[in-house]
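Below is one structure, written out as structure tokens, with a few remarks after it.
For the numbers below, each heavy atom of this structure counts, side chains included, while hydrogens, waters and symmetry mates do not.
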Amino acid sequence: SKSIGTMGDKPEDAPHNCPGTESEEAGKASACAGCPNQQLCASAPKGPDPDVARIAQRLSMVKHKVLVLSGKGGVGKSTVSAQLAWHLASRDLQVALLDIDICGPSIPRMVGQEGQTVRQTAAGWAPVYPVDNLAVLSIGFLLNNP
């Protein structure tokens, strides 16, 4: 597959009159004829993500958010995240740990909850609680063989 670099919302290799990837005309305008990105642009979702407002509203109730990330694997992101969550929970704080590692989710093991599953509710997924004040949601709870 070809990597598409962008300048604004127009791919680098797009025709001069490209309407842009966010336009309702993306992939459909006459300027799109023959463009190598035409199919991609025509099928991509347009406009703002409708879930952004809902996510922002839900996160507004969370006083402090800590993001642990790295561009490299195997540096201890999950270990740091799990240990920080356990430490904060031990101080009687309400803590939630979200693990979105799809390549090797280890958080269920680190919090002693391997084999547990999340439940779907009307409000979304219900997390697993290793202790009363530590909510854990991991991709590992959704996979058959994490």
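- For Lys77 against Val68, the heavy-atom pair with the smallest separation is O-CG1, 3.8 Å.
- Partners of Thr121 by side-chain contact (heavy atoms from CB on, under 4.5 Å), not counting sequence neighbours, listed by chain and number: Arg119, Ala123, Ala126.
- Annotation: the span from Gln38 atom CD to Cys18 atom SG amounts to 10.5 Å, rounded to 0.5 Å.
- The backbone N or O of Ala31 lies less than 3.5 Å from no partner atom in the side chain of Asn17, so there is not a single donor-acceptor pair.
- Of all heavy-atom pairs spanning Ile107 and Ser78, the tightest one is CD1-O, 3.5 Å.
- Side chains of Val131 and Trp86 form a contact here, defined as non-hydrogen atoms less than 4.5 Å apart.
- In this structure a side-chain-to-backbone donor-acceptor pair under 3.5 Å is missing from Glu114 to Pro108.
- In terms of heavy atoms, Gly27 sits closest to Cys32 at N-SG, 3.3 Å.
- From Ile139, atom CD1 reaches atom CG of Leu98 across 7.5 Å, with rounding to the nearest 0.5 Å.
- Judged by distance alone, the side chain of Ser23 and the main-chain N or O of Gly20 form no donor-acceptor pair under 3.5 Å.
- One hydrophobic cluster, built from ILVMFWY side chains closer than 4.5 Å, holds both Ile55 and Val62.
- A donor-acceptor distance shorter than 3.5 angstrom exists from the side chain of Asp101 to the backbone of Gly104, with no hydrogens or angles considered.
- Nearest heavy-atom pair across Gln94 and Asn133 is NE2-CB, 3.5 Å.
- The CH2 atom of Trp125 lies 12.0 Å from the OG1 atom of Thr117; values are rounded to the nearest 0.5 Å.
- Distance CG/Asp51 to CZ/Arg58: 9.5 Å, rounded to 0.5 Å.
- Using a 4.5 Å cut-off on side-chain heavy atoms (C-beta onward), Asp99 and Ser81 make no contact.
- Atom CG of Leu93 has more than 12 neighbouring heavy atoms from other residues, nucleotides or ligands inside a 6.0 Å radius.
- For the residue pair Gln113 and Phe141, the shortest heavy atom distance occurs at O-CE2, 3.4 Å.
- Qualifying side-chain contact (heavy atoms from CB on, under 4.5 Å) partners for Lys63, counting only residues two or more places apart in sequence or in other chains: none.
- Contact record, Val128 with Gln116: CG2-CB, 3.9 Å, taken as the closest heavy-atom pair.
- Here the CD1 atom belonging to Ile100 is positioned 9.0 Å from the CG atom belonging to Leu69, to the nearest 0.5 angstrom.
- The 12-atom threshold is not exceeded at CG of Asp132, counting heavy atoms of other residues, nucleotides or ligands nearer than 6.0 Å.
- Within the 4.5 Å cutoff, no side-chain heavy atoms of Pro127 are placed close to those of Val118.
- Side chain of Lys28 to main chain of Cys41: no donor-acceptor pair is present (N/O by atom type, distance under 3.5 Å, no hydrogens or angles).
- Side-chain contact between Tyr129 and Leu134 is absent, with no heavy-atom pair separated by less than 4.5 Å.
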